[in-house]
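Proteins get letters first, then strands, A, B, ... in listed order; numbering begins at 1 in each. Quick caveat: nothing in here was measured; it's all calculated off a predicted structure.
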Amino acid sequence: MKQLMELFISESRELLEVASKALLALERNPDDNESLNKVFRSTHTLKSSSAMFDYDAMTELMHTAEDLLDKIRRAELAINSSMVDQLLESLDLVVQWIDYVEANESFPNNAASAAKGLLNGLKALTSDSLQPDADTLTAKADEKPSKKTSLDKTTLADTTKHSSFLTESLVFLRNDQRRTLFRSLLANNASVDKSMLLLCYTPEPRCFFDDQDPFELMRQLPDLQLLHIEPTAPWEDLDEIDPYHCQLRFIALSSAEPVIVEQYLTSERLQPEYDSYSPLELIYVDEGEAGPAPELAQTLLSKLEAEGIKGLTEEAVKQLMEPEHSAWQGLMLSWLMTLAASPLASPETLKKLLDALANGHEPRWFEQSTAAKSEESVAVAADDDVAKDEFAVVMMDTDENWQAFKQLIKLQMQLLELPSEPALWHGIINSVARTACNALIYIQRHSQTELINSALQQSVSDHNAKPLIAALKDLLDSAGVADESKDEDVISDTFSGQDEGGEKAAVSRTLKVDQGRIDQFMDLIGELIVAKNGLPYLAKRAEQVFNCRELAKEIKEQHSAINHISEALQGLIMQVRMMPVSLIFQRLPRVVRDLAHQLDKKVDLVVEGEETEADKNVIELLLEPLIHLVRNSIGHGIESTAIRREQGKNEVGQIRIRAWQESDSVCLEVSDDGQGIDPEKVRQRISKMGLLAAEKINQLTDHEIIQYCFMAGLSTDAKVSGLSGRGVGMDVVHSTVEQLGGTVTLHSEVGQGTQAVLSLPLSAAVSRIMTFEVSGQNFGLPIDCVVETMRLPLEQVQHIKQSATFLWRDQTVPLIFLNQLLQFDQNKQKQDNKVAVLVIKHLGEYTGLVVSDFHGGMDLIIKPMAGVMVDIPGYTGTALLGDGSVLLVLNLRELL
Amino acid sequence: MSIRFSNRVVYLENECDADDAEPLLIWLREHPKGKVNLKNCQQLHTAVLQVLMAIGPGVTVMPLDQSLARWLPLWEKNDKKL
């Protein structure tokens with residue numbers, strides 16, 4: 001049950017995503033039938049699957065939404081934005097429910113009341129529609145099945161309905177097929193008042209969940225004569241087929257007594273639409289144009305009256321040969337002969353058919369009094385027009401075929417092994433090969449003829465029958481394998497590779513794997529890397545402690561081999577975790593639409609580079625910052641329509657989102673053509689908040705100042721609105737990007753627009769860390785932020801007031817003693833009076849960090865701080881080193 | 001299991017129930033040229049039949065069971081998105 005629930009949750013999420021995306025597409029282009037169908041199908045599936053868990057509120061909501069969509073689909077309603085709003089809201093509510101279900105494994109109790117408003121809204125929209133104009137058969141079949149009255153009770157109006165049910169249900173049968181059916185119905189039973197029952201059954205789409213098997217039920221119908229199965233709608237695309245959504249319609253014809261069939265239907269609780277008919281009612285012609293032929297009918301009638309049924313048949317055969325009759329008349333003649341040859345043949349029935357022929361209408365069997373019992377029934381030779389029995393099964397590869405093939409090949413082999421006259425040898429070997437090829441073609445193994453031909457050439461050139469015998473033996477072997485497994489159609493790969501070599505490569509096996517397992521896999525690989533990192537330590541120990549250079553060398557060799565494998569493994573698992581950014585991009589249109597509506601702005605969203613891939617963790621974490629950036633662009637960037645018009649800009653603002661890959665990182669750019677960020681306003685804000693000294697504020701360039709927008713609590717917008725202005729959004733962007741080990745930069749030009757560029761590592765799993773030592777403890781920093789490592793002579797350290805600085809690349813760079821910052825003991829000064837300095841770049845500024853010693857770069861997996869350490873500021877996380885010690889990775893943002 | 005896969009042929013055997021529909025669908029999606037062998041099939045659940053009708057794979061052997069073979073509909077290859 002839990003698995004089912006998980007499946008339900010993940011599938012519902014996907015469906016909701018598809019539905020809302022399609023709805024937005026539909027709003028843009030109301031004629032987009034494909035999107036409409038997508039929304040419809042998704043809501044439908046959501047409805048069905050929710051019913052499986054008895055989530056009534058969800059089922060009802062989706063059902064109502066489906067009703068509305070159905071009306072739109074049938075063009076009874078035109079879609080408008082209030083419908084889209086209501087539908088989107090419904091989907092949102094379902095999203096909330098699904099979230100709740102996932103968290104609590106139960107459905108929210110207040111769901112029904114929460115859905116009430118939406119339900120009323122949707123129903124109101126649905127009931128605005130016009131009444132359906134015409135009742136088609138499909139629509140009828142979809143409605144609740146209704147039992148029809150039997151023939152003798154029908155009124156005039158019912159008669160039309162009665163016969164149209166038959167003609168419409170059997171529309172898939174051609175005239176000749178209908179004649180075959182007619183004959184087989186009457187083959188064993190000569191009773192004149194014989195009747196047949198026609199059923200049209202459309203099972204409930206969800207019937208599989210109720211353990212129903214309509215096909216089996218229909219197959220077991222007493223005296224089944226015909227079973228036609230068709231889809232209720234054209235098949236969907238392959239990847240949208242839902243195997244558990246029944247969309248079949250069954251049309252069956254039974255020759256059993258109606259009472260027996262009715263009993264069966266009751267016992268199986270089937271409620272198909274059905275009606276009983278006389279086989280006579282199968283006689284009609286629906287091909288060609290009906291053309292009255294009074295003369296022809298008169299000729300036939302006089303024959304019937306003069307010479308009886310036999311005379312009529314003979315005349316009909318003669319007339320059938322006449323070329324001047326129309327298709328319709330020809331078919332009527334064929335029916336006439338079929339009827340004459342059947343137990344139902346009587347002057348009365350034949351006269352009715354002749355009457356129909358004379359007047360060019362369908363036979364009216366029951367217009368007058370009931371048919372009298374046949375006075376005479378003369379058997380005549382069956383007409384020549386015996387159609388192939390369309391209901392017979394075409395056997396494809398049969399046992400017989402294979403047995404014959406095997407025998408034939410065996411015989412050919414024996415023939416080759418017989419001693420033969422050298423003069424005849426060429427003839428024999430050629431004929432054997434030809435026979436084998438023909439046999440292969442017969443059993444549809446064309447591809448294998450080439451094998452035989454090449455073996456033949458070999459045999460001829462070697463003047464030795466062995467290659468051909470071997471080839472024949474191979475054929476038999478492949479047949480033998482098939483035989484053993486009782487399957488005549490196993491084609492061994494060697495052979496199938498010949499004609500469809502390309503296909504084999506194209507066949508891919510896709511696995512759906514739970515992300516948790518991939519994460520576990522990733523963790524294990526991480527530990528493997530850590531364990532591997534232990535080997536160099538071991539080598540060092542072997543050399544230094546045990547003085548065993550040989551062993552150290554061997555360990556190092558092993559290390560490099562394991563290193564190679566673990567790197568390959570890591571690369572592979574990285575690829576598995578790669579996902580396209582389109583996964584998050586597809587959420588954005590909705591955000592843009594809603595915000596633009598809310599603020600009454602016109603915004604166009606352009607998305608580029610959706611196929612760019614990055615690690616799943618990165619992708620998932622990116623969604624939030626991306627949404628904040630887009631919100632900011634709409635809220636602060638893009639001006640209102642009026643202002644844009646005044647400024648001569650396009651009324652519709654544009655937000656452009658671009659993704660691309662740049663070496664080891666994935667870059668995302670969110671740009672808008674709005675008003676841009678005014679650096680002066682930022683300066684004012686910074687000084688007001690006292691974030692920087694006044695002189696510093698003025699020193700910084702506009703570009704540098706703008707970067708301060710990422711600081712928490714800094715918003716240049718005077719008014720705080722529902723969607724932006726609290727200054728939290730940009731902080732989220734910055735902290736998320738930093739958490740992922742990436743960078744974010746803002747570019748802005750007043751009046752032209754703003755551009756935020758996020759650069760993130762492709763994978764957040766393994767990071768390259770610069771390790772160093774401070775007062776005997778190991779620390780690390782992401783290597784991306786390290787610009788340079790240098791040994792700085794102490795005399796070059798200058799002191800400006802309280803702070804130490806040094807000159808680096810022609811600029812004064814602040815120098816921070818990490819041991820002081822981390823409150824450790826004094827560094828042990830090196831002999832040469834130099835200090836180790838890491839030059840780092842943080843928020844666009846350079847800083848020198850004084851450490852005790854450098855240790856170099858390492859690939860490490862950083863685990864976030866856990867437990868009581870979560871609240872300790874200054875650290876990003878920890879990593880395990882090869883020698884078992886723990887490395888603390890510093891968080892510059894919090895430290896500096 | 002009443003469903004068995006080989007490289008290019010899927011075997012539906014004995015009594016195929018509704019649970020077989022999904023693996024069959026997945027396999028047929030992945031093997032656009034895959035075929036079905038129904039030789040030893042005696043019962044075909046509607047869900048399975050529906051998948052066959054929807055995708056329309058080639059049939060290598062029809063069921064030996066005539067009561068099933070007789071009523072199997074003919075299906076056509078679904079060429080959408082292949």
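Atoms CZ and CG, on F208(A) and D17(B) in that order, are 12.0 Å from each other to the nearest 0.5 Å. Rounding to the nearest 0.5 Å gives a distance of 9.0 Å between CZ of F215(A) and CE of M53(B). In this structure, E15(B) CD and E216(A) CD are separated by 8.0 Å, a value rounded to the nearest 0.5 Å. For the atom pair CH2 of W71(B) and CG of L226(A), the computed distance is 6.5 Å after rounding to the nearest 0.5 Å.
Heavy atoms of L68(B) lying under 4.5 Å from chain A belong to its backbone as well as its side chain. Contacts between I26(B) and chain A at a heavy-atom distance below 4.5 Å are absent for every atom of the residue. Of the two parts of H245(A), only the backbone, made up of N, CA, C and O, holds a non-hydrogen atom closer than 4.5 Å to a non-hydrogen atom of chain B. Of the two parts of L217(A), neither the backbone nor the side chain holds a non-hydrogen atom closer than 4.5 Å to a non-hydrogen atom of chain B. Q212(A) touches chain B through its backbone: at least one of N, CA, C or O sits under 4.5 Å from a heavy atom, while the side chain does not. Using a 4.5 Å cut-off between heavy atoms, D211(A) makes no contact with chain B at all.
Proximity of Q50(B) to W235(A): side-chain heavy atoms (C-beta onward) are separated by under 4.5 Å at one or more points. With contacts defined as side-chain heavy-atom distances shorter than 4.5 Å, the pair T46(B)/F250(A) qualifies.
Contact record, I55(B) with I241(A): CG1-CD1, 4.0 Å, taken as the closest heavy-atom pair. Of all heavy-atom pairs spanning P243(A) and A47(B), the tightest one is O-CB, 3.8 Å.
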Stepwise side chain to side chain contact (heavy atoms under 4.5 Å, CB included) test for R219(A) and R70(B): CA-CA 10 Å; R219(A) 216 148 63 81; R70(B) 183 168 177 215; over 6 Å; no
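Counting heavy-atom pairs closer than 4.5 Å to chain B, the top-ranked of the candidates M218(A), H228(A), E230(A), Q247(A) is Q247(A).
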